[in-house]
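Keep in mind the model is a prediction, meaning the values are calculated, not measured. Letters go in sequence order (proteins before strands), and every chain restarts at 1. Side-chain atoms are counted along with the backbone in the values below, which use heavy atoms only and exclude waters and symmetry mates.
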Protein chains: 2
Amino acid sequence: MSVTLKDIAKKVGKSVTTVSRALHDYDDVSPETKELVHRAAEDMGYTPNIIAQRLQKQRTDTIGFILPTFGPRFSDPFFSEFLAGIGNKAAKLGYDLLVSTHPPGEEELKTYRRKVQSYLVDGFIIVRTRRKDTRIEYLCQAGFPFVAFGRTEEACDFPYVDEDSEYGMRLLAHHLADLGHQRIAFLAAPEELMFAHFRLKGFEEGLADKGIQLDEKMVVFGDLTQRDGFRQATSLLDLPDPPTAIAACNDLMALGAISAAQKRGLIVGKDIAITGFDNIPLAEHSHPPLTTIHQPIYQIGDMVCEMLIKRINKEPLRSQSVLQKPTLVIRESCGEKYINPN
Amino acid sequence: MSVTLKDIAKKVGKSVTTVSRALHDYDDVSPETKELVHRAAEDMGYTPNIIAQRLQKQRTDTIGFILPTFGPRFSDPFFSEFLAGIGNKAAKLGYDLLVSTHPPGEEELKTYRRKVQSYLVDGFIIVRTRRKDTRIEYLCQAGFPFVAFGRTEEACDFPYVDEDSEYGMRLLAHHLADLGHQRIAFLAAPEELMFAHFRLKGFEEGLADKGIQLDEKMVVFGDLTQRDGFRQATSLLDLPDPPTAIAACNDLMALGAISAAQKRGLIVGKDIAITGFDNIPLAEHSHPPLTTIHQPIYQIGDMVCEMLIKRINKEPLRSQSVLQKPTLVIRESCGEKYINPN
DNA sequence: ATTGACTCCCAAAACGTTTTGGAATAGAAT
DNA sequence: ATTCTATTCCAAAACGTTTTGGGAGTCAAT
């Protein structure tokens, strides 16, 4: 089928060993032979069989990434951007990327285990960490290289990159409080997600800083989709004493909340303030443009990937973990100072 | 390091051959031996080394997908959904998915070639086909299995799934014309993309059906992002005689156009009609909700993946190519009948 | 006794590469 | 003549699996 080292060896009348070594530029091969071999390889259109190389070298130069998909209509812009970040970096460093899609749950761990045990990947990138994360538990205990985007409450320590969601949410809480809002709602996400936990916590603290206590009736939980943002925001607006500001746990839900408010005839940025978190590209172009917290997803993907590859190669990491300070992006969805109409 | 067939063989006192055959349930192994081997394998925590299997079997059970990324801030919800479609199907059929990210261009082809020649994947999924598509040319000529989402103008024939963009756009054109619009603009995409070509063509034809000629000053080109949709729509609205309807080549640009119109103080669905194409999840929740053409991206991914795997296994395809008839989703971005205010 | 059929097993080759541990030759130094 | 050093090469083992092509033993029919 395809041309192998053996074919080249036969053609140039040397051994397979010599051909291999010539191609790898070992210095126990004479310049003439090297020249000869290279030319033959070129002529015959040789490309190494990577599978064979991998078997021999006992490494795959591949990193694994398991996309947590939820149902068919899955499409968090977050992931395509993150994927682009790790994909481009991996390619640059000569690594392939093996992607699987898998809903979180029982089966998920098996997928990890299989890839680890049968040597399909050299390391993993973990995303959407959970407070108690069995994936991380497993990989830690197996001593398998991985880097996470996000922290966890597990005991083991491991390299990660994370954004300081707590800090970011505090920024937003302060912003809303400074605008004069008092009845503030929070559109939260499932608490088992580590980042959702931090965001809720940060928001509570931020309000507390300003002497406001987050009313627990004002906290509703959504599944991070726009659709659910719409639904949950609607239920908030249906309260007898509805909020004048809604902070959502992510941009997608905030966009849903904006639709919900507008459906009620409210003018977002005047009658009600709404904030997001992530600064996805859409946030800039929503109507009104969304005030949110910026998170450099592409760069984080890039960084996580680089850390993982260093770890695979046992190179020292500059730092075991990175906690980024996010920034507040003020657009128009909160408007000016809020004047209580009463 | 890890337990191999040899280890098991040693433990049970049989040959490696027998162990292998026992595990594969060959019937020239006695039931007792099978039992013995299976138990030992279980006990010792054996998992086959897939790399070795691949080398031996000369196939990888992996399919390749190269994501055409454009710059860092890349995030077409389209791709995450499509990826989920192929990923889930691949997993179900026991295939892995090797994903690369690569900007279209010179280098791109090398990435394909490398993966083909070094046996990294058994087949490819091609997406965003171009009128003249070197990837398809190459794979055709190399006789390598692939399935495309989209058609091309290349001579070779190959299996694909595509949506009838021409038909879909005609639907939209008719809809706008029926609403009474006369000055209609088209927010097109680079014509080298096959689907962009079809969409423009279909739109022109659709208007022609209604006796309207598409004015070439009313056709502007964008890069499919929301940001560019905003920019290009703004330039349309700046014309001395601006359009009363804008049809965008995809939803993302339509969303940008909505923002542009709203920034002008226009009420979308009353002062101006705007349409999209794709029906991404966001379209349902934009403000106003977007009238668009539905494209079942997840299912298409699923189908493409299944076709590819059949092709790899040389099973017959039910049909070499599938052309889906899309459907019109009428929401609120075109409003009711348009009354010319003059 | 020989043949045939059947059951259970295995040594060796193969997949394509890299690495190990020399071997062979030539020239220079002793 | 012998030893040493350099230079250039290669056979064989190794990575872990599957497949090929039998071998050995048993039992029954001839």
Determine whether the aromatic ring centres of A/F65 and A/F124 lie less than 6.0 Å apart. no

>> Looking at A/D61 and A/R59, is any side-chain nitrogen of the basic one under 4.0 Å from a carboxylate oxygen of the acidic one?
In response: yes

In short, the helix from C/dA1-D/dT30 to C/dT30-D/dA1 is bent end to end, axes from five pairs each side, to 10°, by 90°

| query | Between A/K110 and A/E107, does at least one N-O distance fall below 4.0 Å, as a salt bridge requires? | reply | yes

So, with a heavy-atom separation below 4.0 Å from DNA chain C, the residues of residues 45-58 of chain B are B/L55, B/Q56, B/Q58

Looking at A/T33, does any N or O in its side chain come under 4.0 Å of the phosphate oxygens OP1/OP2 on D/dT8? no

In B/F158, B/Y160, B/F195, B/F82, the residue satisfying ring pair (Phe, Tyr, Trp, His ring centres under 6.0 Å) with B/F149 is B/F82

### Query
Can a donor-acceptor pair be found between the side chains of B/N88 and A/T101 at a distance below 3.5 Å?
yes

- Between B/D96 and A/R114, is there a salt bridge with N-O shorter than 4.0 Å? yes

Margin query: Base, sugar-phosphate or nothing for A/T17? Non-hydrogen atoms, less than 4.0 Å.
Written below: base

The side-chain hydrogen bond (donor to acceptor under 3.5 Å, both in side chains) partners of B/T62 (sequence neighbours excluded) come to B/R54

Nearest-nucleotide check on DNA chain C, B/D28 vs A/V16; residue mapping nearer the 5' end is B/D28

Sorted by chain and residue number, the side-chain hydrogen bond (donor to acceptor under 3.5 Å, both in side chains) partners of A/E192 (sequence neighbours excluded) come out as none

Please tell me whether A/T17 and A/S20 have a donor and an acceptor in their side chains that are separated by less than 3.5 angstrom.
no

Discussion item. Can you tell whether the side chains of A/E153 and A/R130 come within less than 4.0 Å, N to carboxylate O?
Written reply: no

The first and last nucleotides of DNA chain C lying within contact of chain A, meaning any atom under 4.0 Å from one of its heavy atoms, run from C/dG16 to C/dT20

- Item | B/D133 and B/R128 ion-paired at < 4.0 Å | no

Sorted by number, residues from residues 18-27 of chain B placing a heavy atom under 4.0 Å from DNA chain D are B/S20, B/R21, B/H24, B/Y26

message = Can you tell me if A/E315 has over 12 outside heavy atoms packed within less than 6.0 Å of its CD?
response = yes

Here the distance between atom C1' of D/dC10 and atom NZ of A/K6, to the nearest Å, is 15 Å

Residues A/P145 and A/R311: closest non-hydrogen pair is CA-NH1, 3.8 Å

